[in-house]
Amino acid sequence: MMIGDYLEISQEVKETLQGGGPVVALESTIISHGFDYPENMECAIECEQRIRANGAIPATIAIINGKIKIGLSNPEIEYLATEKIIKCSRRDVAYVLSQGLSGASTVAATMMFADMAGIKVFATGGTGGVHRGAQETFDISADLEELANTNVAVVCAGCKSILDIPLTREYLETAGVPVVGYDTDDFPGFYTRVSGTKVDYNINSIAGLAKMVKAHNDLGLKGGMIIANPIPAQYEVDYGYITEKVEAALKEAEREGIYGKDTTPFLLGKLKSITEGKSVIANKALVYNNSEVAAKIACELSKL
Ligand code: PSU
Ligand code: MN
């Protein structure tokens with residue numbers, strides 16, 4: 001079998017790609033593990049709508065019954081939003097596909113699949129990164145290795161503040177992954193616009209960002225890039241407040257012995273309850289904002 005035998009690209013996405021039109025990839029772990037039902041469904045549909053409203057075609061990506069699907073129908077999104085689905089990063093892909101199972105793709109797996117389909121721009125909430133205490137636990141998200149190897153531009157609001165942001169930045173630097181701020185000097189802290197850590201470059205226009213993505217692609221550089229887009233100011237959570245809540249969630253994870261792929265979903269769920277849902281409101285707002293910016297970049301890129 002060839003790669004094409006595993007891939008199923010929706011008609012709309014296929015035609016748009018063939019015509020050189022703008023397509024934005026969306027991940028599905030955020031649906032299965034990032035939010036609860038029905039918020040996960042609502043968020044996935046709203047991301048697609050924001051992408052369309054900005055002139056591009058959304059391609060939500062997942063493995064469904066042993067096929068990599070690029071561009072999902074609403075019933076398929078509903079299925080991911082309501083059933084128990086395997087969180088699928090690079091190391092899970094061959095297992096899930098070969099056994100005819102379904103998997104929700106993380107940033108890493110979504111980048112792999114977008115690249116197979118020829119999609120250059122991807123919107124998400126935040127990427128994985130180096131976890132706090134990684135010096136002991138070795139917990140470093142496979143998202144970072146994927147960014148080092150697979151050429152897709154990932155529009156995100158930084159990496160989640162549950163991570164060690166300075167160490168994540170160091171890792172990205174070693175991996176040769178450019179981190180560009182969209183109109184910001186500071187690497188955003190997901191729920192907050194600033195994290196105290198810097199981006200490599202600040203580009204304040206969509207046209208400028210698209211030109212950088214194009215240069216990266218034209219050179220055939222290995223690896224992707226991060227376009228860091230801060231949460232809109234009106235949805236930002238107070239830095240001191242969220243820092244305190246994150247620390248409480250981390251303590252809880254330690255107490256309960258959570259590790260490995262369960263860590264990120266556990267922390268997001270804990271944060272939801274201890275912030276009385278404030279983290280979820282911010283999370284949705286930043287994902288929508290990233291979807292819009294990614295769509296604009298994809299449109300600009302399709303004209304270059
Ligand atoms: N950001 C969110 N919600 C999420 C994730 C990121 O706002 O659910 C998911 C992404 O799919 C990301 C994954 O790739 O968490 C990282 O998990 P890990 O740290 O286990 O690699
Ligand atoms: Mn991990």
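Only heavy atoms go into these numbers, but all of them, side chains included; no hydrogens, no water, no symmetry mates. Both ligands and their constituent atoms are indexed starting at 1 by order of listing.
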Students should be able to answer this: which protein heavy-atom is nearest to [atom], and at what distance?
{"atom": "atom 15 (O) of ligand 1", "result": "T264 CG2, 3.5 Å"}
{"atom": "atom 8 (O) of ligand 1", "result": "G34 CA, 3.4 Å"}
{"atom": "atom 5 (C) of ligand 1", "result": "K160 NZ, 3.6 Å"}
{"atom": "atom 16 (C) of ligand 1", "result": "D143 OD2, 3.8 Å"}

Below 3.5 angstrom, do we get any N/O pair linking [X] and ligand 1?
{"X": "K261", "result": "no"}
{"X": "G126", "result": "yes"}
{"X": "H33", "result": "no"}
{"X": "E27", "result": "yes"}
{"X": "F190", "result": "no"}

Task: Proximity to ligand 1 by part of T106, non-hydrogen separation under 4.0 Å - done: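 Looking at T106 and ligand 1, atoms from backbone and side chain both fall under 4.0 Å.
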- [ ] Heavy-atom distances under 4.0 Å are what count here, so tell me which part of T263 touches ligand 1: side chain, backbone, both or neither.
- [x]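 The answer is neither.
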Got [X] and [Y] here, is their nearest side-chain heavy-atom distance under 4.5 Å?
{"X": "I30", "Y": "V287", "answer": "yes"}
{"X": "I31", "Y": "S28", "answer": "yes"}
{"X": "L209", "Y": "V180", "answer": "yes"}
{"X": "L301", "Y": "P22", "answer": "no"}
{"X": "N74", "Y": "I45", "answer": "yes"}

Return yes if a side-chain donor-acceptor contact under 3.5 Å exists between [X] and [Y], otherwise no.
{"X": "Y37", "Y": "E78", "value": "yes"}
{"X": "K120", "Y": "N217", "value": "no"}
{"X": "S102", "Y": "Y79", "value": "yes"}
{"X": "E27", "Y": "T106", "value": "no"}
{"X": "D115", "Y": "N151", "value": "no"}

Open item on the list: Give me the atom names and distance for the closest heavy-atom approach of C299 to A56.
Closed with: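 Here C299 and A56 meet closest at SG-N, 4.0 Å.
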Which ligand 1 atoms does [X] reach within 4.0 Å, using its non-hydrogen atoms?
{"X": "N283", "value": "7 (O)"}
{"X": "H131", "value": "19 (O)"}
{"X": "K87", "value": "17 (O), 18 (P), 20 (O)"}

Task: Option with minimal heavy-atom separation from atom 4 (C) of ligand 1, where the choices are V280, L268, T29 - done: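 Going through V280, L268, T29 one by one, L268 has the nearest heavy atom to atom 4 (C) of ligand 1.
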- [ ] Measure from atom 21 (O) of ligand 1 to every heavy atom in C88, S32, S141 and give the option owning the shortest one.
- [x]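 Among C88, S32, S141, the closest heavy atom to atom 21 (O) of ligand 1 comes from S141.
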- [ ] Could you pull out the atom name of the N/O/S atom in D139 that is nearest the Mn ion (ligand 2)?
- [x]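 Going through the N, O and S atoms of D139 one by one, OD1 ends up nearest to the Mn ion (ligand 2).
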